[in-house]
Amino acid sequence: QVQLVESGGGSVQAGGSLRLSCAASGYTYRPYCMAWFRQAPGKEREGVATINRGSGRTDYADFVKGRFTISQDVAKNTLYLQMNSLKPEDTAMYYCAARYLSCSAGTGPPPRQEFGYWGQGTQVTVSS
């Protein structure tokens with residue numbers, strides 16, 4: 001059973017930066033694709049970025065391209081999301097997710113229904 005635990009959320013001013021972490025454990029075989037999603041109050045959960053754990057291939061939602069970077073430390077079983085140039089509209093609960101299927105690149109993150117493993121989330125609040 002894959003277990004995911006996020007950390008690193010907090011409150012920052014617009015233009016600031018945060019780095020989220022997601023510690024993965026409890027599995028025998030590593031998930032093929034890891035992802036970050038976010039959900040703002042009253043909105044649907046949306047994909048932010050994905051990374052394939054074998055190839056390291058990444059993909060991003062258009063609204064974070066050039067500002068956010070997804071990365072991984074395979075030895076530490078940890079996923080990261082470096083968030084720069086944060087905007088108030090980035091305020092949301094951020095979730096780590098995993099699946100046993102590779103993620104494509106260039107088409108944006110897959111929908112949430114395609115991920116079977118989730119963390120509990122970490123809150124990011126950006127003030128203007």
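The first residue in the sequence is number 1, and the count goes up from there. All values below were derived from every heavy atom in this structure, side-chain atoms included, with hydrogens, water molecules and symmetry-related copies excluded.
Here the closest heavy-atom approach between residue Phe63 and residue Gly47 is recorded as CZ-O, 3.5 Å. The two atoms that bring Leu79 and Ala35 nearest to each other are CD2-O, 3.9 Å, heavy atoms only. Taking every heavy atom of both residues into account, Ala14 and Pro88 meet most closely at CB-CD, 4.1 Å. Shown here for Leu81 and Ala49, the closest heavy-atom pair between the two residues is CD1-CB, 4.5 Å. The two residues Ser17 and Ser85 come nearest to each other via the heavy atoms OG-N, 4.4 Å. When all heavy atoms of Arg53 and Ala24 are compared, the pair lying nearest together is NH1-CB, 4.5 Å.
Atoms OG and CD, from Ser21 and Gln82 in turn, are 9.5 Å apart once rounded to the nearest 0.5 Å. In this structure, Ser104 OG and Asp59 CG are separated by 8.5 Å, a value rounded to the nearest 0.5 Å. How far CG of Leu18 is from CG of Asn84: 9.5 Å, rounded to the nearest 0.5 Å. In this structure, CZ in Arg67 is found 6.5 Å from CG in Leu86, a value given to the nearest 0.5 Å. Interatomic distance, Met93 CE to Thr125 OG1, rounded to the nearest 0.5 Å: 8.5 Å.
In this structure, the side chain of Thr78 does not engage the main chain of Ala23 through any donor-acceptor pair within 3.5 Å. The closest donor-acceptor contact from the side chain of Glu6 to the backbone of Cys96 lies under 3.5 Å. Asn52 contributes no side-chain N or O that, together with a main-chain N or O of Ser55, makes up a donor-acceptor pair within less than 3.5 Å. Within the 3.5 Å criterion, the main-chain N or O of Ser102 finds a donor-acceptor partner in the side chain of Arg99. Under a 3.5 Å cut-off, the side chain of Arg57 and the backbone N or O of Cys103 do form a donor-acceptor pair. Between the side chain of Tyr60 and the backbone N or O of Ile70, at least one donor-acceptor pair lies under 3.5 Å. Of the possible polar contacts, one joining the Trp36 side chain to the Tyr80 backbone as a donor-acceptor pair under 3.5 Å is found.
In summary, Lys87 and Asp90 do not engage in a salt bridge, as defined by a charged side-chain N under 4.0 Å from a carboxylate O.
Each of Arg38, Gln39, Arg112 was compared with Glu46 under the side-chain hydrogen bond (donor to acceptor under 3.5 Å, both in side chains) criterion, and only Arg38 meets it.
Contact of the Tyr94 side chain with the Met83 side chain is registered, since non-hydrogen atoms from C-beta on lie closer than 4.5 Å. Using a 4.5 Å heavy-atom threshold, the side chains of Ser25 and Asn77 count as separate. Counting heavy atoms from C-beta outward, Leu20 and Val124 have side chains that approach closer than 4.5 Å.
A single hydrophobic cluster is seen to contain both Phe68 and Met34, as judged by linkage of ILVMFWY side chains at heavy-atom distances under 4.5 Å, directly or through other members. In this structure, Tyr29 is a member of the same hydrophobic cluster as Tyr117, with clusters built from ILVMFWY side-chain heavy atoms closer than 4.5 Å.
A ring-centre distance under 6.0 Å is found for Phe115 and Phe37.
Aromatic ring orientation, Tyr100 versus Tyr32: perpendicular (interplanar angle above 60°, classes split at 30° and 60°).
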